[in-house]
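Data block below; observations after.
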2 protein chains.
Amino acid sequence: MKRKVTLKQIAKELDVSISTVSKSLKDSAEISEDTRQKVQAFAKLYNYKPNNIALSLKNKKTKTIGIIIPEIVHHFFATVISGVENVANEHGYNVIVCLSDVSFDKEVINMEMLANGSIDGFIMSLSKETQLKKDFHHITEVINQGMPVVMFDRVTNDIHCDKVIIDDNLAAFQAVQTLIDKGMKKIALITTVDYVSVGKLRTDGYLKALKTNDIKVDDQIILKIEDIDNCEGLIENLIQHHKIDAVFAVNELFAVTAIKSALKMGLKIPEDISVVGFTDGIISKYSSPSITTVSQNGIKMGGKAAKMLIDRLESEDEDDEHYRTEIIETHLVERESTPTL
Amino acid sequence: MKRKVTLKQIAKELDVSISTVSKSLKDSAEISEDTRQKVQAFAKLYNYKPNNIALSLKNKKTKTIGIIIPEIVHHFFATVISGVENVANEHGYNVIVCLSDVSFDKEVINMEMLANGSIDGFIMSLSKETQLKKDFHHITEVINQGMPVVMFDRVTNDIHCDKVIIDDNLAAFQAVQTLIDKGMKKIALITTVDYVSVGKLRTDGYLKALKTNDIKVDDQIILKIEDIDNCEGLIENLIQHHKIDAVFAVNELFAVTAIKSALKMGLKIPEDISVVGFTDGIISKYSSPSITTVSQNGIKMGGKAAKMLIDRLESEDEDDEHYRTEIIETHLVERESTPTL
DNA sequence: TTTCAACACGAAAACGTTTTCGGGAGCTGT
DNA sequence: ACAGCTCCCGAAAACGTTTTCGTGTTGAAA
């Protein structure tokens, strides 16, 4: 087992100084052709590669991005990571992933762990619990220490930083408008509790669409679900006891569960009932019938977030206080769960 | 913006030496009660946290695990990461994620990038291209440098290291046997090309089950798919032109595509045709009908891999050459795509 | 021969820690 | 008064780099 070779070892072996070795490897003009060649040959032979940690310490840059998300077993977040990783790699950055598991405490611990030199900047989406508590001290603290943060999707106005989002409100509005255009009147909404930022915005979009079209809002067919793991009964109940034309769900899981419920009670989709979801994930695509849904390009979102972060990391003026909020465009992917025309 | 404070700054401010500060913070008995309190109070006030990079350099340990997988937008791999992250966190480790994007070159680049001091050890699953080329020099090199590697799922016998796998062969055998027990005779197989290790093993399990039950193998109903993105036509073709009782698919996507094809041509599931998949992911669970499938506990797999890696990292004798291969148990999750009894 | 530039290289500091070792101050016991 | 001891603390090395600055040697010009 041959351990990694260091500059010092090469220097010793070749009987020159460490500086000479370092400069030779960097093709410095200070070093004679002879020595340079000798050193380079030796370095190649022993497969010398500079130690990243030492470089990080010296340069005060780790070339690493930290990303904190609520969970990774979630198609959308996985695509975001994919996007981040891609752009990061192109720019020579690595990606450290931390999961908050929807817990405020873990989010805080993870941030503190990474903030102590391990990374150059954060990309993050707030955990549900953090959104509920509205406690963002861990984030502001990191920002105050001069570490850039880019938030995506589940963001908050309470924090002043770069953000990447979609226009949840508008996307929901358009989705519901499409249903109305297809002649639906009784459109149910399956959404999350209000403190989840995106859920609230999508709910508002739904309400706005109804109002714009003079459709009375019926609270009976608006379902706010707290615990996503136990949504089946509630959704079945909704569909069973109300005569509805369509369902607008704020995520894939609610949408597919609505479909299962409808099929179970013998309804035909989209003839008897239409379903529109949110997030163009793997479920919507492979469901039978496939689900009409609002696309939410996670790859693009992650890529954009990474780009913004790296731009800031490599920009000249360190503390440019001009933060931007990028909006990723969405569109409705029409599939089998809604009638054509 | 107050930058992170260092030992040196505290020392200067309090007019003591760096050593004194360091020792005070570690509650060393060498330091007087007075000084200790003074230092600790000051450190707390300025929220001192030791710099991880400096620690890494000193200790020659980064407390970071690198994980290299083909893709992250893939339910199984996401669950594995989740499992790794969980166990890693419990032991104070961070996780750097790199995606090979099914490319040999990216796998090599990523490994070399991380191997230069950024991490303490690897957890990885081979990319398809690497399995095809059978070129593992990048991995052996890393191992030779004394960096432990744990492989999972897509492994190879050509590398001598710790591994975590499932018994693909047995699991496939049992799945097919179950179909046979339910009276099926004409069981089609939808699998990958042979150089994908797990695909090959599952195919072998299928063949073994048929042989054990004296069912003649019919090459006509064995479909080997190279490009997963264009499998629809092939699968439709298979189901349309052969009268088959059941389909055994080596992954979720093949399974759900088979279901869509069958439904499309008016077949009833499971009455007319049964489907069994592999990997208990989100698709199988939410498909209509839901899919009977071989569970493959990614969380447990990732957790086990992380445990093995950390054990090795923290074990006394550095180069214990006794490598283990852990087998994660699987079982068939029976759902709506197969008849009960 | 002296002077000075060009050339080739080395010493040392710096990044932020931890830890070993040495030593000064103050006290006790003779 | 002095050895010897304990108690506190600081200097310095080490981890592996990069980079600035200093310096010795050589050759050419005067």
Distance-only polar pair, side chains of A/Thr20 and A/Ser17, donor-acceptor under 3.5 Å: yes
Sugar-phosphate only, base, or nothing, as touched by A/Lys60 at under 4.0 Å among non-hydrogen atoms: sugar-phosphate
Spacing of CZ belonging to B/Phe136 relative to CG belonging to B/Asp158, to within rounding of 0.5 Å: 5.0 Å
Touch class at under 4.0 angstrom, heavy-atom based, for B/Ser56 against every strand present: nothing
Donor + acceptor pair across side chains of B/Ser118, A/Asn52 (<3.5 Å): yes
Give every donor-acceptor pair under 3.5 Å between a side-chain atom in residues 80-90 of chain A and any protein atom, sequence neighbours left out.
unit_1  : atom_1 : unit_2   : atom_2 : d
A/Glu85 : OE2    : B/Leu99  : N      : 3.1
A/Asn89 : ND2    : B/Asn110 : OD1    : 3.4

Show me the donor-acceptor pairs within less than 3.5 Å that the side chains of residues 119-127 of chain B make with the rest of the protein, sequence neighbours left out.
unit_1   : atom_1 : unit_2   : atom_2 : d
B/Asp120 : OD1    : B/Thr62  : N      : 2.8
B/Asp120 : OD1    : B/Thr62  : OG1    : 2.9
B/Asp120 : OD2    : B/Thr62  : N      : 3.2
B/Asp120 : OD2    : B/Lys63  : N      : 2.8
B/Ser125 : OG     : B/Phe152 : O      : 3.0
B/Ser125 : OG     : B/Arg154 : N      : 3.3
B/Ser127 : OG     : B/Glu107 : OE1    : 3.3
B/Ser127 : OG     : B/Glu129 : N      : 3.4
B/Ser127 : OG     : B/Thr130 : N      : 3.1
B/Ser127 : OG     : B/Thr130 : OG1    : 2.8

Five-pair end axes of the helix from C/dT1-D/dA30 to C/dT30-D/dA1 and the angle they enclose, rounded to 10°: 90°
Rounded distance [0.5 Å steps], CG in A/Leu57 versus CG in B/Leu55: 10.0 Å
Main-chain N/O of B/Arg324 paired with B/Asp162 side-chain donor or acceptor, under 3.5 Å: yes
For nucleotides 20-27 of chain C, list the nitrogen or oxygen atoms of the protein found under 3.5 Å from its nitrogen or oxygen atoms, one pair per line.
unit_1 : atom_1 : unit_2  : atom_2 : d
C/dT20 : O4     : B/Lys23 : NZ     : 3.2

Start and end of the DNA chain D segment that chain B contacts, any atom under 4.0 Å from a heavy atom: D/dC8 to D/dG16
Sugar-phosphate only, base, or nothing, as touched by B/Leu7 at under 4.0 Å among non-hydrogen atoms: base
Euclidean distance, A/Lys163 NZ relative to A/Met151 CE, rounded to 0.5 Å: 7.0 Å
Contacts of type side chain to side chain contact (heavy atoms under 4.5 Å, CB included), residue B/Tyr195, not counting sequence neighbours: B/Lys128, B/Leu132, B/Val193, B/Glu226
Sugar-phosphate, base or nothing in reach of A/Ser22, heavy atoms under 4.0 Å: base
A/Phe42 and A/Tyr46 aromatic ring geometry - parallel, tilted or perpendicular at 30°/60° bounds: parallel
Earlier contact from the 5' end, DNA chain D, for B/Leu57 and B/Val16: B/Val16
Check: A/Ser32/A/Thr35 side-chain N/O donor and acceptor closer than 3.5 Å: yes
Whole angstrom value for the distance that separates C1' of C/dG10 from CG of A/Leu14: 15 Å
